[in-house]
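Reviewing the structure listed below.
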There are 2 protein chains.
Amino acid sequence: MASAAEAMPDRCADCEIRRVALCGQIDVSALRRLNTLSHTERLRAGSTLLWESESADVVGIVRTGLLKLTASLEDGREQTLGLAFPGDFIGRPFAADMEHSVTAIADSTICTFSRTRFEALAGEVPDLQQALLVRTFKDLDRARRWMLLLGRKSAGERVASLLLETAEANGADPGEPVPLPLSRQQIADVLGLTIETVSRKMHLFARSGVIALPSLRSFTVERPGELARLAA
Amino acid sequence: MASAAEAMPDRCADCEIRRVALCGQIDVSALRRLNTLSHTERLRAGSTLLWESESADVVGIVRTGLLKLTASLEDGREQTLGLAFPGDFIGRPFAADMEHSVTAIADSTICTFSRTRFEALAGEVPDLQQALLVRTFKDLDRARRWMLLLGRKSAGERVASLLLETAEANGADPGEPVPLPLSRQQIADVLGLTIETVSRKMHLFARSGVIALPSLRSFTVERPGELARLAA
DNA sequence: CGAACGATTGAGCTTCGTCAATGTGCGTGG
DNA sequence: CCACGCACATTGACGAAGCTCAATCGTTCG
């Protein structure tokens, strides 16, 4: 298996696929076939892999970095619909047109597949399809949870929710610095706010001692209970 | 096939399942098995089939009526995450806990299955799983499109968007009355607004001649182009 | 007819967006 | 090493959008 990856450095190592994308459920021969279909795509921060309302012929799995899914209105207003971390699946099998753009926030590598070939393989490998279905249900629930935030939470609650979620995703202890992979503008786009409001709320929390802001791209949680209460 | 439905009136007619849920893709024997597993659940408007953050042991397909998916905050604020029309799938195979409630808006009937038995069958019938996957991708894109509305559109744009979408779903011509299945409060919950703001915007549009409001539960589109422009 | 419920309308206020000025960190080139 | 410039972030002043509270209206159902 490793030898295949060495022989074809442009292919994804199948151990990676197995671990990250498919939870070790699919059998080795299908894995081999999946592997020969894959290409590693390198994406610099800021460049876009898939474009809203254009047809896409690739799907993929994020290997490293961070990407955002976004939709825009004609006048330029933009909303981030979700983030894609390593292991997340991107693209739309069984559908030609994208409903959102996929753009790298940090330099990223994506393990890509021809969409039609991936579809064909999925039809032949039920375990692959089931893994994808379970994953898609999770994405759907994540998106819907965010709808509650966008529709009903105040600016302060939104910012607190994001900080809390980021801290938890990092398994950070109180007082320990948590890296913040997003700029203020990107935070605003995720939360449906403006950059100014995000800045004000973060510093409000910092002044009240709930968090600390040691640098622009990190924070610490000083009073976890209070932060959770602020997140509503 | 019809005879099975007659012999067991509590079962869903399989022609219904085939047409509505599975796009005619699954084979007849699997259909039969699916059929013997199904129960028809009748739900009165206002009653809840599945509860947020409780475990659920059923999944199902809406046959008649209309349901809403909702999530709430502790203090009672509620956001509607989506609507389930006839043909829509509800519940979460491969997951025990619900992330949202499912409540009937109108009297409804749902063709339900034991979740675990449905999961087992899905594992055996790849076409069923694929149909479900395609459907789930569509739901995900619908949810994400709504995130753009919740995060970035003004109250007027939200109301116009909902009216436009409702009119289009009904294939209504200009001037023709469109039924509105939601109360003002339910519209507000879908759009992330208050009932007062919804009322004001609707009457604003009516006064300007873009729509007309012949009754509380219907409207007509008088100037489609203008309504589309208002929806942004 | 009256009560109950949902919808409308108005007045005031809060929150958040807008606009503008200022500040801060960082890389580049002198 | 320092100065500069640029991008990003912060802060303040102000206004508008939408929420809250409250009164009224209309409809439906006893």
Quiz prompt | Residue pairs passing the salt bridge (Lys or Arg N to Asp or Glu O under 4.0 Å) test where at least one lies in residues 150-176 of chain A, sequence neighbours excluded | solution =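 Output for this query lists A:R152-B:D189, A:E157-B:R77.
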Quiz prompt | Selection residues 205-232 of chain A - residue pairs positive for salt bridge (Lys or Arg N to Asp or Glu O under 4.0 Å), sequence neighbours left out | solution =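 Every salt bridge (Lys or Arg N to Asp or Glu O under 4.0 Å) pair that includes a residue of residues 205-232 of chain A, provided the two are not neighbours, is A:E226-A:R229.
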Quiz prompt | Closest non-hydrogen atom pair, A:L149 against A:S161 | solution =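 That would be CD1-CB, 3.7 Å.
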Exercise. Scan B:L43, B:I61, B:T64 and name whichever one has a side chain to side chain contact (heavy atoms under 4.5 Å, CB included) with B:I110.
Key: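 One option only clears the test, and that one is B:L43.
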Exercise. With A:V102 as reference, evaluate A:L67, A:T70, A:L81 under the side chain to side chain contact (heavy atoms under 4.5 Å, CB included) test and give the passing residue.
Key: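 Result: among A:L67, A:T70, A:L81, A:L67 is the only option passing the side chain to side chain contact (heavy atoms under 4.5 Å, CB included) with A:V102.
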Self-check item: Interface limits on DNA chain C, where chain B has a heavy atom under 4.0 Å of a nucleotide atom
Solution: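 Contacts span C:dA7 to C:dA11, reading 5' to 3'.
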Exercise. At under 4.0 Å between heavy atoms, which parts of nucleotides 17-30 of chain D does protein reach? Answer with one letter per nucleotide, 5' to 3': B base, S sugar-phosphate only, - none.
Key: -SSBB---------
Quiz item: Would you say the side-chain atoms of A:D107 pair up with the backbone N or O of A:R44, donor to acceptor, closer than 3.5 Å?
Solution: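 Looks like no, no N/O pair under 3.5 Å.
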Quiz prompt | Side-chain donor or acceptor of A:S108 paired with backbone N/O of A:L66 under 3.5 Å | solution =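 Such a contact is found between A:S108 side chain and A:L66 backbone.
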Practice problem: List in numerical order all residues of residues 65-81 of chain A for which some heavy atom is under 4.0 Å away from an atom belonging to DNA chain D. | Solution: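 Here the set is empty: none.
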Exercise. Could you walk me through whether A:R135 and A:D88 pass the side chain to side chain contact (heavy atoms under 4.5 Å, CB included) test, one step at a time?
Key: CA-CA 8 Å; A:R135 179 179 294 264; A:D88 284 345; 4.2 Å; yes
Mind listing the side-chain donor-acceptor pairs of residues 194-205 of chain B below 3.5 Å, one per line with the distance, residues two or more places apart or on another chain?
unit_1	atom_1	unit_2	atom_2	d
B:T194	OG1	B:T197	N	3.4
B:T194	OG1	B:T197	OG1	3.1

Quiz item: Heavy atoms under 4.0 Å, any strand shown: does A:S183 hit a base, just sugar-phosphate, or nothing?
Solution: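 Sugar-phosphate, no base atom in range.
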What does the list of N/O pairs under 3.5 Å between the protein and nucleotides 14-16 of chain D look like, with a distance for each?
none

Quiz prompt | All side-chain hydrogen bond (donor to acceptor under 3.5 Å, both in side chains) counterparts of B:R184, not counting sequence neighbours | solution =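 Result, side-chain hydrogen bond (donor to acceptor under 3.5 Å, both in side chains) vs B:R184: none returned.
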Quiz item: What pairs meet the ring-ring contact (aromatic ring centres under 6.0 Å, His included) rule with one or both residues in residues 69-107 of chain A, with sequence neighbours excluded?
Solution: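 Non-adjacent pairs meeting ring-ring contact (aromatic ring centres under 6.0 Å, His included): A:F89-A:F118.
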Quiz item: In terms of side-chain geometry, is the basic nitrogen of B:R142 or B:D139 positioned less than 4.0 Å from the acidic oxygen of its partner?
Solution: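 Yes, B:R142 and B:D139 are salt-bridged.
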Can you give each donor-acceptor pair under 3.5 Å made by side-chain atoms of residues 49-60 of chain A, sequence neighbours left out, with the distance rounded to 0.1 Å?
unit_1	atom_1	unit_2	atom_2	d
A:E52	OE1	A:S72	N	3.1
A:E52	OE2	B:R145	NH2	3.4

Practice problem: Could you check A:L193 against A:V159 for side chain to side chain contact (heavy atoms under 4.5 Å, CB included), going step by step and ending with a plain yes or no? | Solution: CA-CA 9 Å; A:L193 298 171; A:V159 171; 4.2 Å; yes
Quiz item: Where are the stems of DNA chain D, defined as at least 3 consecutive Watson-Crick or wobble G-U pairs with both distances under 3.5 Å?
Solution: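 Runs of three or more consecutive pairs: C:1-30 with D:1-30.
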Quiz item: Residues in side-chain contact (heavy atoms from CB on, under 4.5 Å) with B:T103, at least two apart?
Solution: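 So B:T103 forms a side-chain contact (heavy atoms from CB on, under 4.5 Å) with B:T48, B:K68, B:S101.
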